[in-house]
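The block underneath contains the structure these notes are about, expressed in structure tokens.
Computed over heavy atoms, backbone and side chain alike; hydrogens, waters and symmetry mates excluded. Reminder, nothing fancy here: chain letters follow the sequence lines and each chain counts from 1.
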Amino acid sequence: MKTRFAPSPTGHLHIGGARTALFNWLLARNQNGVFVLRIEDTDALRSEERFTEDILASIKWLGLDYDGEPVFQSQRNHIHKTYVDKLLKSGGAYYCHCSPQRIEELRARALEAKDKPRYDGHCRELGLGPAPGAVIRFKKPSSGTTSWVDLIKGPITIDNDELDDLVLVKADGLATYNMAVVADDASMEITHVIRGDDHVNNTPRQILLYEALGLSIPQFGHVPMILGEDKKRLSKRHGATSVLAYREMGYLPQALVNYLARLGWSHGDQEIFSLPEMVSAFNLQSVGKSAAVFNKNKLDWLNSHYIKETPVPQLAALLKPFLSARDALPPNEEALEKIVLTVRERGKTLEEMAQKAAFYYTKDLVLNPTAAKKLLGESGRKSLSSLKEALKEIPNTHEDFDKILDELAKEHGIKKGELAQPLRLALTGETASPGLYDILVILGADECSKRIDAALKYQE
RNA sequence: GUCCCCAUCGUCUAGCCUGGUCCAGGACGCCGGCCUUUCACGCCGAUAACACCGGUUCAAAUCCGGUUGGGGACGCCA
């Protein structure tokens, strides 16, 4: 049993591709099979090495692995050729001298007649040979139907009349997609072809090729598309679509993988899956047939979940680059872990955590102007002054701090919040923050006093 | 336009194959409440769906047909 993921390096690995890779990987690992990577880089114009690197890095980040080294389709043209030769010899393929212009006219005419554009078979019986600019076409059966039982969609049948004699070898001598895929899948002995929904229409063409070549046909499974909120195919305008962009936004790979797996696949009511759990529970029968809308809320929820699950030292290491980007890095690991503890339940992503933790070690704390206007009036200043006095030393326990607040509140005849909020603003610059006592401990008496002074001096 | 595929709460889905246990279950979000010095977290609760029409049947979310809607494919791209 062998599956493959076959992306073309013409762009970053996106969410949809990642899910296809994941399903192939899960299936192979579940069946104790083999999972290989094949980079389909035969489009020299659009393929770029940096995208290959992006794909490899994405797969690694997601926590997937593949067997053996990645295979590059561009290096296999000689293999593709042997299959084409076989077809040529058996009469299953022929040279076509039709000019691209003629083909284009054909298409235009068909479209105008509201018909399906198809090659008319002009050169099919001409017995032509190689020539500059010539292509090789498949001589498809002129009647009958082609059908297969899709591993995900069930039985699918298509009339061979709907197909045309597709180009197998381009004028530049390279095999086209369908030819290359069949040659590669066959020679690599792929048994299960799991790919995106958009390939359903290629499947009958490929099956016909397998049949003409006398090869055994692999099983096919087509996973539904992922759509944006507007139910249109997911694209850039829906926001981030590349896998690595999610890493940059502070998502954990476990969260993305878990989310992607559950997008289309289900296992009863279970929502949270570790990778090993997924492997043992996975099967294609439980993959849905319909397209799914990508929902960031649920991804966020899963990310929060995995953030809370991650051991603090590990989480601290993950947060580091995000704090560093904000120039708010704590002086040492111990301090870092302390602040992690105070923000890990307040941010849905590492980026959000960093944003909420930046005030601790930022060089210049800026007070939120609207909040300052509201909280640093006469009564606010009075609160701050008395708190400054009371907090010359940081209380030993949370309870002690509570007591101080209670006493000051009683003394001034005000609510606790009227003390806490000005203090919060002075220390963090904002009205929402982690618990005040935790902040006091982390900042220390000196820093607290400095920030309170700064707030007392605050001018609009 | 032609062909292929799909259709359960706003979203992801369970159930559908093997009709009755489903006046449809779970999760996320939304809304309300509790907790609380803020924001979160946590806990509790509420709202919310079988696209439509017809057929089969004692009985249909489940089977069949059609309609509508959506998606995909129609390249010398992959």
Side-chain angles (χ1 to χ4, degrees), chain A residues 6-10 40-43 45-47 73 96 98-100 103-104 107 110-119 133-137 150 153-154 156-159 161-164 166-174 176-178 180-181 196-204 222 224-225 227 229 231-233 259 262-272 285-286 288-302 304 308 342-348 356 401-402 405-406 409 415-421 423-425 428 430-437:
Chain A
S8 57
T10 53
E40 311 221 317
D41 56 346
T42 48
D43 185 342
L45 245 66
R46 295 194 300 148
S47 296
Q73 193 166 56
C96 168
C98 290
S99 67
I103 303 299
E104 188 44 52
R107 189 206 325 286
L111 250 22
E112 210 171 300
K114 310 229 175 217
D115 214 350
K116 195 178 203 168
R118 270 171 297 188
Y119 178 60
V135 300
I136 300 174
R137 286 186 184 272
D150 197 273
K153 303 214 170 243
I156 297 178
T157 300
I158 185 160
D159 214 311
D161 277 347
E162 295 296 332
L163 276 19
D164 67 355
L166 77 161
V167 173
L168 300 180
V169 179
K170 299 178 269 182
D172 65 6
L174 292 180
T176 57
Y177 168 73
N178 281 300
V181 164
D197 218 345
D198 46 338
H199 285 296
V200 170
N201 295 277
N202 284 322
T203 307
H222 292 92
M225 308 254 99
L227 311 175
E229 305 276 356
K231 306 224 175 190
K232 298 267 185 252
R233 191 183 185 148
Y259 179 70
R262 276 290 287 103
L263 196 60
W265 173 73
S266 62
H267 184 64
D269 286 340
Q270 192 171 344
E271 297 285 351
I272 307 283
Q285 291 75 43
S286 303
K289 300 176 177 186
S290 49
V293 172
F294 187 86
N295 182 226
K296 189 172 163 294
N297 277 334
K298 194 147 189 181
L299 207 211
D300 282 348
W301 172 71
L302 279 164
S304 304
K308 285 176 230 158
T342 71
V343 292
R344 70 168 169 173
E345 279 168 0
R346 278 169 237 269
K348 291 180 167 71
K356 289 179 197 294
F401 175 57
D402 256 350
L405 282 183
D406 280 334
K415 281 186 233 157
K416 258 204 273 191
E418 291 176 73
L419 288 160
Q421 285 307 81
L423 179 60
R424 187 182 313 281
L425 178 68
T428 72
E430 290 294 341
T431 53
S433 80
L436 270 179
Y437 182 67

All salt bridge (charged side-chain N to carboxylate O under 4.0 Å, His left out) counterparts of [X], not counting sequence neighbours:
{"X": "A:Asp164", "result": "none"}
{"X": "A:Asp159", "result": "none"}
{"X": "A:Lys308", "result": "none"}

Reading nucleotides 7-17 of chain B from the 5' end, what letters show protein touch, with B for base, S for backbone sugar-phosphate only, - for no heavy atom under 4.0 Å?
S---SBSS---
Looking at [N], which nucleotide sits across from it as a Watson-Crick or G-U wobble partner, both distances under 3.5 angstrom, or is there none?
{"N": "B:A51", "result": "B:U67"}
{"N": "B:C23", "result": "none"}
{"N": "B:C43", "result": "B:G33"}
{"N": "B:C3", "result": "B:G72"}

Using a strict cut-off of less than 4.0 Å between a Lys/Arg side-chain nitrogen and an Asp/Glu carboxylate oxygen, indicate whether A:Lys356 and A:Glu430 qualify as a salt bridge.
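A:Glu430 and A:Lys356: not salt-bridged.
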Only counting residues at least two apart or in another chain, list the ones meeting side-chain contact (heavy atoms from CB on, under 4.5 Å) with [X].
{"X": "A:Asp172", "result": "A:Lys170, A:Leu174"}
{"X": "A:Thr203", "result": "A:Trp148, A:Arg195, A:Ile207, A:Phe220, A:His222"}
{"X": "A:Asn201", "result": "A:Arg205"}
{"X": "A:Lys289", "result": "none"}

Using a heavy-atom cut-off of under 4.0 Å over every strand shown, decide if A:Thr10 touches base, sugar-phosphate, or nothing.
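It contacts nothing in the nucleic acid.
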Sequence-distant partners of A:Asp43, side chain to side chain donor-acceptor pair (under 3.5 Å), two or more places apart
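A:Asp43: side chain to side chain donor-acceptor pair (under 3.5 Å) contacts with A:Arg46.
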Length of the line joining A:Leu111:CG and B:G1:P, which is rounded to integer Å:
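Checked: the CG to P distance equals 12 Å.
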Whole-Å distance between B:G72 P and A:Ile158 CD1?
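For the pair A:Ile158 CD1 and B:G72 P, the rounded distance is 17 Å.
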Pairs under 3.5 angstrom only: tabulate donor-acceptor contacts from the side chains of residues 112-119 of chain A to other protein residues two or more places apart or in another chain.
from     : atom 1 : to       : atom 2 : distance (Å)
A:Lys116 : NZ     : A:Glu162 : OE1    : 3.1
A:Arg118 : NH1    : A:Asp161 : O      : 2.4
A:Tyr119 : OH     : A:His122 : N      : 3.3
A:Tyr119 : OH     : A:Cys123 : N      : 3.0

At a cut-off of 3.5 Å, list every protein nitrogen or oxygen paired with a nitrogen or oxygen from nucleotides 76-78 of chain B, distance to 0.1 Å.
from  : atom 1 : to       : atom 2 : distance (Å)
B:C76 : O2     : A:Ala171 : N      : 2.9
B:C76 : N4     : A:Cys98  : O      : 3.2
B:C77 : OP2    : A:Lys170 : NZ     : 2.9
B:C77 : O2'    : A:Asp43  : OD2    : 2.7
B:C77 : O2'    : A:Arg46  : NH2    : 3.3
B:C77 : O2     : A:Arg46  : NH2    : 2.9
B:A78 : OP1    : A:Thr42  : OG1    : 3.3
B:A78 : OP1    : A:Lys170 : NZ     : 3.0
B:A78 : OP2    : A:Tyr177 : N      : 3.1
B:A78 : O3'    : A:Glu40  : O      : 3.3
B:A78 : O3'    : A:Glu40  : OE1    : 3.3
B:A78 : O2'    : A:Ser8   : OG     : 3.1
B:A78 : N6     : A:Asn202 : ND2    : 3.4

Pick out the pairs of N or O atoms, protein on one side and nucleotides 34-39 of chain B on the other, that lie under 3.5 Å.
from  : atom 1 : to       : atom 2 : distance (Å)
B:U37 : OP1    : A:Lys416 : NZ     : 3.0
B:U37 : O2     : A:Arg424 : NH2    : 2.6
B:U38 : O4'    : A:Gln421 : OE1    : 3.1
B:U38 : O2'    : A:Thr431 : O      : 2.8
B:U38 : N1     : A:Arg424 : NH2    : 3.1
B:U38 : O2     : A:Arg424 : NH1    : 3.3
B:U38 : O2     : A:Ser433 : N      : 2.7
B:U38 : O2     : A:Ser433 : O      : 3.0
B:U38 : N3     : A:Arg424 : NH1    : 3.0
B:U38 : N3     : A:Ser433 : O      : 2.8
B:C39 : O2     : A:Arg346 : NH1    : 2.7
B:C39 : O2     : A:Ser433 : O      : 3.4
B:C39 : N3     : A:Arg346 : NH1    : 2.4

